[in-house]
Protein chains: 2
Amino acid sequence: MPAETRSRRSDALRNRDRLLATAADLFAERGLEVPLDEIARSAGVSIGTLYNHFPTRDALYAAIIPARLDALDRIVADALDVEDPWEGFVAYLEGLFGLMARDRSLNDAIAQRRPAGDEVAEACARSVDAVLELIARAKAGGGLREDFAPMDLAMLAAAVSQVIHESGDWRRFLTLHLTGLRAPTDTTKGSLPPLGGKDPSNRVCLRRPGPSRRPRSR
Amino acid sequence: MPAETRSRRSDALRNRDRLLATAADLFAERGLEVPLDEIARSAGVSIGTLYNHFPTRDALYAAIIPARLDALDRIVADALDVEDPWEGFVAYLEGLFGLMARDRSLNDAIAQRRPAGDEVAEACARSVDAVLELIARAKAGGGLREDFAPMDLAMLAAAVSQVIHESGDWRRFLTLHLTGLRAPTDTTKGSLPPLGGKDPSNRVCLRRPGPSRRPRSR
DNA sequence: TTTGAACTTGAGGGAACCCTCAATTTATTG
DNA sequence: CAATAAATTGAGGGTTCCCTCAAGTTCAAA
């Protein structure tokens with residue numbers, strides 16, 4: 001006889017889906033601390049059902065994360081596809097922080113470095129390799145300073161996460177961080193990208209400073 | 001007759017002092033969220049007594065803040081005393097963040113922009129003027145980029161606060177932010193300050209990049 | 001020393017959130 | 001339509017922290 005002849009009940013599947021959808025929304029909007037009671041209520045289900053499907057908050061979050069991780073993988077892949085090493089590095093940062101800005105739970109998850117579940121840890125490890133590659137390439141041919149360490153990226157992520165949290169203009173902040181606060185000196189005149197405070201089409205400036213600017217396409 | 005003929009009881013004064021000292025310690029060490037029960041217990045006093053002296057958590061914190069605000073005033077004054085405008089600006093940042101690193105409650109207070117009490121708000125306003133002055137001077141003669149806005153300072157404070165919170169090397173982060181991530185180009189070769197990862201005498205690099213470096217004393 | 005006001009105490013009620021489990025309902029299968 | 005396994009339910013117990021207040025204690029003035 002087959003291993004399992006009895007299939008999952010339809011209402012259980014429906015409830016599970018509802019819970020996941022609701023939790024994803026609430027986590028993205030308000031962070032990881034949303035009361036579980038509220039998630040259950042919003043999903044039109046009792047708290048007991050929530051616990052029935054997901055014994056812990058982490059289990060619930062672990063069931064939501066994969067989609068975000070896929071997005072992250074895509075961002076990393078895209079960044080690696082960018083020809084110019086510096087632009088690729090910046091594209092990664094922009095993608096990652098954009099994701100964090102759209103989903104507060106990512107923000108929280110990073111801040112409290114508690115990788116809810118092995119799957120997350122694994123996916124992080126997966127992307128770490130790619131990120132190291134991005135960094136190496138940016139150092140070799142993109143003008144990233146040689147003493148830049150992975151720790152600096154972690155600090156930057158933490159920093160930007162807080163800027164996002166306080167509804168700051170994180171793109172502006174990132175641009176500042178990438179280029180520094182100093183005005184152009186006589187020798188580097190004109191090398192600073194604009195900050196674009198209120199610009200609705202807010203993009204981090206990808207261009208390298210200095211005279212050697214060549215347009216790039218992807 | 002005099003307005004108040006009856007003096008405060010000695011035990012009340014003693015308890016108040018103990019509460020303030022204990023709360024200052026705990027707030028500095030663990031942030032603003034320390035349970036009030038614990039503060040009372042640590043002070044060797046009942047929770048009722050705490051509430052008797054300080055009806056709200058904010059009232060308690062408001063009674064603690066002045067010392068920190070004085071320190072902040074001193075930092076601002078010292079920064080204004082620095083001759084070189086850029087160095088003065090950096091000295092202010094270093095002082096402010098150093099204060100935040102030593103006292104997690106400052107960190108929290110800034111993060112949740114809830115200026116526990118008018119006194120705090122007033123002191124902030126007081127120092128804002130001086131800070132604007134520092135910024136203006138740094139722009140005029142210190143090479144601070146012209147498009148730097150107070151908002152950028154607020155974002156930086158938020159960012160550094162998170163770096164501190166996660167036990168990051170905030171001096172390193174600050175140096176990076178001040179100078180940017182790009183390696184020296186041909187024209188600016190040698191202008192980057194060292195990051196000093198494990199250096200125990202960790203100071204933010206105050207020197208201006210470029211050839212025009214003159215030592216300075218205070 | 002007495003006395004009254006000032007002060008302290010800590011049990012306890014309330015709120016928010018967590019999690020469990022016995023009773024009930026519902027889907028599926030024969 | 002039973003029969004039964006699968007799911008759902010929500011009241012309730014646990015924890016932590018907040019805050020109050022009636023009863024008790026201590027100071028200091030007379």
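Proteins come first, then strands; the chains are lettered A, B, ... in the order of their sequence lines, and each starts at number 1.
B:L132 approaches B:P150 most closely through the heavy-atom pair CD2-CG, 3.9 Å. Taking every heavy atom of both residues into account, B:R57 and B:P35 meet most closely at NH2-N, 3.9 Å. When all heavy atoms of A:A40 and A:L19 are compared, the closest pair comes out as CA-CD2, 4.2 Å.
Regarding A:L60, its CG atom lies at a distance of 14 Å from the C1' atom of C:dC18, rounded to whole Å. Atom pair A:L50:CG and D:dG10:P shows a separation of 14 Å (rounding to whole Å applied). Nucleotide C:dC7 holds its P atom 7 Å from the CZ atom of B:R8, rounded to whole Å. Atom CZ of A:R41 and atom P of D:dT9 are 14 Å apart (whole Å). Residue A:R14 contributes atom CZ, which lies 7 Å from atom P of C:dA27 at whole-angstrom precision. The nearest whole Å value for the distance from the CD atom in B:E33 to the P atom in D:dC17 is 11 Å.
In this structure, A:T49 reaches the D:dT9 phosphate: one of its side-chain N or O atoms is under 4.0 Å from OP1 or OP2. Between A:H53 and D:dT8 there is a side-chain N or O to OP1 or OP2 distance below 4.0 Å. Between D:dA7 and A:N52, no contact under 4.0 Å exists linking OP1 or OP2 to a side-chain N or O. Contact annotation: A:N15 reaches the phosphate of D:dT8 (side-chain N/O to OP1 or OP2, under 4.0 Å).
In this structure, a donor-acceptor pair under 3.5 Å is absent between the side chains of B:N15 and B:T49. Side chain to side chain, B:R18 and B:S42 fail the donor-acceptor criterion of an N or O pair below 3.5 Å.
Heavy-atom distances under 4.0 Å link DNA chain D to no residue of residues 16-24 of chain B.
Listed candidates were D:dC18, C:dT9, D:dT8. Nearest to the side chain of B:V45 is C:dT9.
Less than 6.0 angstrom separates the ring centroid of A:F148 from the ring centroid of A:F89.
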How does protein reach along nucleotides 19-26 of chain D, written 5' to 3' as B (base within reach of a heavy atom under 4.0 Å), S (only sugar-phosphate), or - (no contact)?
BB-----B
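Identified under the salt bridge (Lys or Arg N to Asp or Glu O under 4.0 Å) test for residues 60-69 of chain B, with sequence neighbours left out: B:R68-B:D103.
In terms of modelled atom types and a separation under 3.5 Å, the side chain of A:D108 and the main chain of A:G31 share no donor-acceptor contact.
Taking the six-membered ring where tryptophan is involved, the planes of B:F173 and A:F173 are essentially parallel, since the angle between them stays under 30° and well short of 60°.
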